[in-house]
Each structure stands twice: as structure tokens, then as C-alpha cells.
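Contents: one structure, followed by commentary.
What's counted below: heavy atoms across the whole structure, side chains too, no hydrogens, waters or symmetry copies.
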There are 4 protein chains.
Amino acid sequence: MSGASERPLRADAARNRARLLDVATEVFTTRGVGVPTEEIARSAGVGVGTLFRHFPTKEALLEAVMVRRLEDIAARTERLAADAAPGEAFTACFRLVVELSVGKNEFARALAAAGVDVHASLRGPTEQIQTRLAELLAGAQRTGTVRPDLGLAEFIALLAGTGRALEQLGPEPEPRERIFQVVFDGLRPR
Amino acid sequence: MSGASERPLRADAARNRARLLDVATEVFTTRGVGVPTEEIARSAGVGVGTLFRHFPTKEALLEAVMVRRLEDIAARTERLAADAAPGEAFTACFRLVVELSVGKNEFARALAAAGVDVHASLRGPTEQIQTRLAELLAGAQRTGTVRPDLGLAEFIALLAGTGRALEQLGPEPEPRERIFQVVFDGLRPR
Amino acid sequence: MSGASERPLRADAARNRARLLDVATEVFTTRGVGVPTEEIARSAGVGVGTLFRHFPTKEALLEAVMVRRLEDIAARTERLAADAAPGEAFTACFRLVVELSVGKNEFARALAAAGVDVHASLRGPTEQIQTRLAELLAGAQRTGTVRPDLGLAEFIALLAGTGRALEQLGPEPEPRERIFQVVFDGLRPR
Amino acid sequence: MSGASERPLRADAARNRARLLDVATEVFTTRGVGVPTEEIARSAGVGVGTLFRHFPTKEALLEAVMVRRLEDIAARTERLAADAAPGEAFTACFRLVVELSVGKNEFARALAAAGVDVHASLRGPTEQIQTRLAELLAGAQRTGTVRPDLGLAEFIALLAGTGRALEQLGPEPEPRERIFQVVFDGLRPR
DNA sequence: AATGAATGAGCATTCATTCAT
DNA sequence: CATGAATGAATGCTCATTCAT
């Protein structure tokens with residue numbers, strides 16, 4: 001499920017790694033990827049050396065943050081899809097993915113800028129999510145909840161776009177809800 | 001209605017300034033704001049000194065790029081709104097603003113990170129656009145083209161979100177068009 | 001009486017810091033404050049990064065150099081004043097301060113140009129020295145070694161001036177000594 | 001429109017040159033030699049190009065400022081020496097040279113840092129002044145106003161030092177006068 | 001001749017990464 | 001293993017000087 005078989009990792013090392021990931025997630029999301037590694041290390045209560053022992057590169061840290069996020073999304077999506085009727089599942093997952101994606105774009109781009117096969121470790125969770133989303137979409141289209149002409153790519157684009165729209169809004173729930181209403185209405189078969 | 005009385009600016013200086021803006025727009029949009037000033041200058045065929053003569057700060061360059069974009073959007077929106085019936089005008093402007101906004105977010109954020117009254121020069125065009133959008137929205141709601149419960153803030157958020165969705169997609173027109181269809185359908189009164 | 005509780009500072013870090021201060025003192029004194037930081041770092045056998053780790057700003061380095069000088073002067077003055085009779089003490093301290101002040105003006109000015117509360121860290125040692133000098137002056141005036149109409153400000157101005165006179169001269173001792181004779185003679189009560 | 005002569009142009013150029021020298025003197029004295037050439041030009045009401053037409057180098061401008069100062073000192077010294085009795089002349093010239101030297105050190109050093117035979121154009125006026133000072137010193141020593149063991153070099157060093165002492169002081173006349181008293185008393189034979 | 005735009009070497013400073021402690 | 005000092009390439013910006021207008 002999660003990782004495969006790395007060294008058992010001593011208890012404190014594991015704790016450090018987790019703390020670093022937490023802090024990095026928070027910091028990258030709220031202040032962007034430009035924050036110095038040293039500051040991330042300090043916020044996590046460790047030295048830079050420790051950070052670089054766990055993540056050989058800043059980019060690797062970025063990647064690890066994304067992987068964890070994607071895995072989280074994948075797991076939750078899975079669970080949700082298992083627990084709900086197809087129509088319900090679609091909107092529930094849509095909301096879930098959107099909410100969890102907010103702030104992701106910022107460093108998805110940073111990762112992409114690094115070039116080649118960075119995606120290596122992202123590919124797994126990404127495909128997992130996409131597969132799940134494809135199933136959801138197909139189910140929703142079969143049951144007539146979603147217009148049949150919508151492809152997977154557009155579905156995903158809409159997820160990203162909806163997330164972006166929410167970022168633009170403040171924290172009050174009504175406007176956010178209205179965005180969802182517009183999108184869900186628009187998704188219904190004519 | 002744009003600017004009033006800047007320096008006359010020698011012919012070659014004006015050309016350099018324009019080239020710098022063009023190059024910066026292109027480069028910031030495609031590769032992000034991290035691109036070195038020196039490279040922008042070189043791409044524009046001038047020395048760094050020239051860049052800094054025209055824009056005293058990298059941030060000032062960023063700002064100038066945004067201002068030009070916003071002014072362009074404002075002008076085009078104005079023209080479009082004048083030439084079309086309210087219903088038509090709404091969708092036409094929506095499409096226009098979305099297409100012209102693609103890639104803008106990236107450095108809007110960079111600018112925002114700079115702090116205080118950066119917005120000074122952006123405020124004018126921004127308010128102009130918002131006013132126009134507010135009128136468009138009101139008109140479309142009056143003629144029954146758009147659901148009446150949608151506020152200006154949500155409208156703008158949807159513009160941003162739709163732009164983001166398009167960024168996610170490739171250049172083929174059909175998927176892009178489908179995004180617009182979903183949003184426009186969703187915007188219609190129940 | 002010097003510092004109280006700075007970080008323990010690792011052995012090599014302390015050595016680097018000291019070397020940087022030594023080199024900077026030498027270089028600022030002989031070649032002025034315009035010398036590039038990079039060169040100072042290289043002369044001290046460290047990278048620029050190390051220099052900036054110890055002194056976050058070139059100006060901070062300047063300040064640290066001055067502080068060390070002033071503290072040195074303060075300490076030596078103190079010792080001298082404790083070990084000598086009032087009359088002796090005055091001339092001895094005068095000579096001492098003058099000799100140690102040579103070359104100081106150059107970057108005192110550079111520091112002053114930086115603005116507001118630069119003096120923060122200089123104020124302590126400066127006031128210490130001034131207090132000591134005030135006592136010396138008072139003592140010498142009480143014992144009739146120095147004309148009673150001389151204020152502290154003029155005393156200090158004379159110290160600076162005598163230092164400047166010595167700078168003008170070569171290293172041969174006789175002319176330098178004659179400068180002292182003129183000043184000391186001039187300082188005696190009519 | 002010209003026709004007859006190049007005189008008007010020369011007058012113009014001469015005025016520019018004079019203005020530049022005035023502004024440069026003021027600016028170098030009060031704010032140091034680090035002030036950008038462009039600012040000097042602007043303050044003088046001309047473009048940078050004009051500045052560099054008159055003075056091919058910033059250093060050349062510095063030199064010209066110094067030359068003018070030295071020539072002024074030389075001329076005034078000459079006049080003073082001719083108009084006064086030897087004893088009077090000495091102190092009068094001493095005061096004069098000191099007052100006119102204030103602020104000179106700052107860029108004398110900058111010039112010296114440039115290296116080679118920069119002094120070329122300074123040598124003339126410098127020697128002129130030194131000759132005059134030598135005569136003054138000799139006269140004062142002959143008439144018993146000044147201790148006979150003082151050499152020319154020490155005399156000059158004292159001039160520089162006294163200037164430095166005055167720089168340290170504020171503008172109130174009494175403390176400044178006291179400095180002169182100390183020096184003059186010190187200069188008297190035993 | 002005057003102007004000021006253009007140039008680019010030079011400088012202070014930052015930050016990802018390495019390595020001695 | 002953790003630490004944080006050291007490193008140095010890279011970046012934004014300045015300013016003396018040149019050159020087209």
C-alpha cells in the first residue's frame with residue numbers, strides 16, 4: 001500500500017522525517033516553495049543536515065510532500081467511493097479532491113520545472129487517483145448524474161479549476177458552496 | 001483613458017521598453033518569475049543596465065507586465081461590451097477574460113508577496129475591469145442569462161477557475177469548449 | 001567587562017570569526033572600506049558565505065571591527081589609568097588612544113553614513129572610553145598638568161587631530177615625538 | 001545662426017565647467033566621493049555626457065576639485081604673507097590653511113588610491129604652497145614665534161591634524177578657538 | 001556641443017548542498 | 001546519526017563610462 005521496503009528507520013528518525021514533511025507541507029502551501037531549506041529545518045526542530053539526510057534534495061522534499069498528499073487523496077477517494085452510491089460518490093469525491101488540492105498547484109509547477117522523470121514517484125499515486133476518478137466518472141455518467149460527453153481530462157481540469165476558484169474566495173462557506181453548485185449544475189446532462 | 005503624460009521617450013528607448021515588456025511577459029508566463037533579470041535583458045537584446053533603467057526593480061517589471069495585461073483586458077472588455085447584446089456580451093467577455101488571464105496567476109502571487117502598496121498601479125485597471133464585470137453580470141442576470149444568486153466575487157472566482165482549468169488542458173479546442181459549456185450551463189438560472 | 005553570554009561558538013567557527021575580524025581590520029585600515037567582501041573572505045581563507053554567516057552585512061563587519069577596537073582602547077585605557085599617577089596617566093593615555101586611533105576615521109565615517117541606530121553596539125564602548133577620558137582630564141586639570149579651560153569635546157577633538165597629524169608623518173619616531181611635544185606643551189596651563 | 005564666433009559656446013562650456021566644479025566640491029566635501037557622477041551632473045544642471053566631456057574620468061573631476069582648492073589656498077596664502085608681519089603672517093596663514101583644508105582629506109585619500117602619477121597636476125600648487133609654508137615657518141622661527149626644532153613636515157602634519165580636530169567639533173567658535181590656542185601655545189619656543 | 005540612453009563589469013547578499021565535529 | 005558551520009555559484013542591482021541622437 002504505502003511505501004515498499006526501506007530500512008526500518010529508527011523511531012526518532014521516523015519522527016524527524018514526519019515532522020519535516022508536516023512543516024514542509026504547511027510552509028510550501030502557505031508561503032510558497034521559495035522558503036529556504038534552513039528555515040524548514042529549524043521549524044521542524046532539526047538541523048539542515050538532518051533534512052538533507054532524509055531528502056537528498058530540496059526537490060526531493062517537494063516530491064515527498066506531493067506524494068504524501070496524493071496518497072492521502074487516493075486513500076480517501078477509495079474509501080469514499082466504497083461507502084457511497086455512485087451519484088453521491090461522484091459529488092463527494094469531487095468535493096474532497098478539490099478541497100485537498102487547494103494550494104497544490106503552486107509547487108506542482110515547481111516540480112515540473114525541474115524537468116525529466118521527476119514524476120517517477122508521483123506516477124504511482126497519480127495513476128491510482130486517475131483510475132479511481134475514471135471509474136467515478138464512468139459510474140456517474142452511467143447513472144445519468146453527469147453529462148456523457150465529458151472526458152477524463154476535462155473532469156480533471158474541472159477539479160483543478162474548481163480548486164483555483166475556491167482559492168480566490170474567502171473562507172465564508174456560502175460563496176464556496178455556490179461555486180460547487182454552478183459546477184455540479186453544469187455537469188448534469190442537458 | 002489610459003496614461004496621460006509620461007516622458008516623450010526617445011524612439012529607441014521606447015522600443016527597448018516595449019521589447020523588455022514583451023520578453024518579460026512571455027518568459028514570466030511560460031517559465032515563471034524565477035527567470036534571472038540578466039536573461040530577460042539578453043533575450044530583449046539589451047544589457048541589464050537598460051532593463052534596470054526602465055524598471056528600477058524586478059518587481060517593478062513584474063508590475064508593469066501585469067498592468068499592461070490588465071489594461072489590455074479592460075480595453076477589450078469595454079469594446080466587447082459596447083458591441084454586443086447583454087446576453088452575448090456576458091459570454092463573450094467571459095471567454096475573453098479567461099483566455100487573456102491564463103498564466104497570470106503565477107506572478108500575481110509573486111507580486112502579492114512583495115507587500116504593501118504594490119497594488120498602487122494595479123488598482124486602477126483592476127477596478128476598471130471589476131466595474132465592467134459587475135455591469136456585465138448585472139445585465140446578464142437582468143435578462144435571465146445568469147442565475148440571480150451569483151455575486152461578483154464568485155463570478156470572478158469562476159473566471160480564475162475556468163482559466164486554471166484551461167491551463168490544465170492541451171491546445172485542442174473541443175475539450176476547452178466543453179469546459180466553457182459546463183460553466184455556462186452551470187451559470188444559467190436553475 | 002567585555003561581552004557576557006554569546007553562543008559558545010565552535011572552535012573553528014571562533015577561529016574563522018577572529019581571522020575575519022583581523023583581516024577586515026587590516027584591510028579597512030590600509031585600503032579603505034571599499035574593498036570587496038569577497039576579497040576579505042579570501043584573505044581570511046574562508047568563503048564569502050562564511051563571512052556573511054558571521055556578519056550579516058558588510059556594515060555589520062565594519063561595526064564589529066570598530067567595536068573591537070573601541071573595546072581594546074577602553075580596556076587598555078582602564079589599565080593604564082589604574083597603574084599610573086594622574087599626571088603620568090594623562091599623557092600615557094593620550095599617547096595610547098592616539099596611536100590606537102590611527103586609521104579609525106576612515107570607516108567611522110562609512111558607518112555614520114549608514115544612518116540611524118548603527119551606533120547601538122558602539123555606544124557602550126564609546127561611552128566607556130569617554131567616561132574614562134573625562135576622568136583623566138579632570139584629574140590632570142586638578143593636578144595642574146592641563147589647562148583648566150579645556151572641555152571634554154576639545155580634548156577628544158585633539159586626540160583625533162593628533163592621530164591625523166601622525167598619519168601624515170612617516171614612521172620615524174622623532175617627528176612623531178615632536179608632534180606630541182607641541183600638543184602636550186600647548187595643553188599645559190599657561 | 002552662428003556666423004561670427006565660437007565665443008558664446010565657450011562661455012557656455014566655461015559656465016558648465018565651473019558649475020560642475022562647484023557642485024562637485026560641495027558634494028564631495030559633504031557627502032563623500034561615493035556620490036554617483038550622474039547625480040553631480042544633474043545637480044549642476046547638465047547631462048552626464050557633458051560632465052565626462054569636461055572631465056574624462058571621475059578621478060579627473062576629483063583632481064580638478066583638489067587643484068582648484070590648492071590653487072585657492074596658494075593664492076590666499078601668498079596674499080596674506082605679503083600683507084602681514086612675519087609673526088602675524090604665520091598664525092594667519094595657519095588658520096587660513098586649516099579652515100580651507102577641512103573636508104579635503106576625504107578625497108585626497110581617494111585620489112591617492114588611484115595610484116600612479118595622479119599627482120601630476122597637483123604637484124604644482126602643492127609645491128607652491130609648501131614653499132610658501134616653508135618661508136612662513138622659517139620667518140616665524142627667525143622672529144622667535146615658533147620653536148626652532150620644528151621641521152616642515154611636522155608643520156604640515158600639524159595643519160592636517162588641526163583641521164581634523166576642527167572637523168570633530170561643532171560650529172560654535174569658542175571650542176574651535178581653544179584648539180588653535182593649544183596648538184599655537186604648543187608651537188611657541190619652549 | 002549637449003544629452004541621456006545603453007552598456008556591462010563589479011559588488012553585496014542568498015541559499016542549496018557538503019562535511020568536519 | 002545529528003548538527004550547523006562552510007562553501008561558492010547565482011542573482012539583483014549600481015555606476016563609471018561610451019555612444020547614438
Side-chain angles (χ1 to χ4, degrees), chain A residues 7 9-10 12-13 16 34-42 45-61, chain B residues 7 9-17 34-42 44-61, chain C residues 7 9-17 34-42 44-61, chain D residues 2 6 8-10 12-13 16 34-42 45-61:
Chain A
R7 290 299 137 84
L9 214 50
R10 258 163 42 179
D12 57 344
N16 279 341
V35 178
T37 50
E38 185 129 12
E39 192 180 332
I40 296 174
R42 198 178 335 120
V46 303
V48 244
T50 303
L51 187 156
F52 278 93
R53 165 169 294 275
H54 285 290
F55 309 97
T57 284
K58 188 182 191 180
E59 197 189 295
L61 174 58
Chain B
R7 293 293 138 81
L9 213 51
R10 249 163 51 178
D12 57 344
R15 193 165 45 250
N16 278 339
R17 199 191 133 94
V35 178
T37 50
E38 186 132 10
E39 193 182 330
I40 296 175
R42 199 176 335 117
V46 304
V48 242
T50 301
L51 187 157
F52 280 98
R53 164 174 281 269
H54 286 288
F55 308 97
T57 282
K58 190 183 187 180
E59 197 190 295
L61 175 58
Chain C
R7 293 295 139 82
L9 212 51
R10 249 164 51 179
D12 57 344
R15 192 163 47 250
N16 279 338
R17 199 191 133 94
V35 178
T37 49
E38 185 133 10
E39 193 182 329
I40 296 175
R42 199 177 333 119
V46 303
V48 242
T50 302
L51 188 156
F52 280 95
R53 164 173 281 267
H54 286 288
F55 309 97
T57 283
K58 189 183 188 180
E59 198 189 294
L61 174 58
Chain D
S2 60
E6 63 277 78
L9 289 175
R10 280 206 183 166
D12 223 54
N16 278 342
V35 178
T37 50
E38 186 130 13
E39 192 180 330
I40 296 174
R42 197 177 337 117
V46 304
V48 241
T50 303
L51 187 156
F52 278 92
R53 167 171 294 276
H54 285 291
F55 309 97
T57 284
K58 189 182 190 180
E59 197 190 294
L61 174 58

E:dT3, E:dA6, F:dA6: which one has an atom nearest the side-chain heavy atoms of B:H54?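 Given the options E:dT3, E:dA6, F:dA6, the side chain of B:H54 is closest to E:dA6.
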What is the distance, to the nearest angstrom, from the [atom1] atom on [X] to the [atom2] atom on [N]?
X	N	atom1	atom2	answer
A:E39	E:dA16	CD	P	10 Å
B:R15	E:dA6	CZ	C1'	13 Å
B:L51	F:dC15	CG	P	17 Å
A:R42	F:dA2	CZ	P	19 Å
A:L61	E:dA16	CG	P	11 Å

Is the distance from OP1 or OP2 of [N] to the nearest side-chain N or O of [X] less than 4.0 Å?
X	N	value
A:R53	F:dA2	yes
B:T50	E:dA5	no
D:N16	E:dA2	yes

What residues, two or more places apart in sequence or in another chain, satisfy salt bridge (Lys or Arg N to Asp or Glu O under 4.0 Å) together with D:E39?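 In terms of salt bridge (Lys or Arg N to Asp or Glu O under 4.0 Å), with neighbours along the sequence ignored, D:E39 is linked to D:R31.
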Got a sec, which residues hit salt bridge (Lys or Arg N to Asp or Glu O under 4.0 Å) with C:E38, two or more places apart in sequence or on another chain?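 C:E38: no salt bridge (Lys or Arg N to Asp or Glu O under 4.0 Å) contacts found.
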Protein-nucleotides 10-14 of chain E N/O pairs under 3.5 Å:
residue : atom : partner : partner atom : Å
E:dA12  : OP1  : C:K58   : NZ           : 2.7
E:dA12  : OP2  : C:T37   : N            : 2.9
E:dA12  : OP2  : C:T37   : OG1          : 3.1
E:dT13  : OP2  : C:K58   : N            : 2.7

Using the test side chain to side chain contact (heavy atoms under 4.5 Å, CB included), find all partners of A:F55 that sit at least two apart in sequence or belong to another chain.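 Expected list: A:R17, A:L20, A:L21, A:A60, A:L61, A:A64.
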Could I get the full list of side chain to side chain contact (heavy atoms under 4.5 Å, CB included) partners for D:T50, not counting sequence neighbours?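 Result, side chain to side chain contact (heavy atoms under 4.5 Å, CB included) vs D:T50: D:N16, D:V46, D:H54.
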Shortest non-hydrogen contact from C:T37 toward C:L51: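 Closest pair (atom of C:T37, atom of C:L51, distance): O-CD1, 3.6 Å.
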Base-pair string, DNA chain F, Watson-Crick plus G-U, cut-off 3.5 Å on both distances, | for inter-strand, is .||||||||||||||||||||
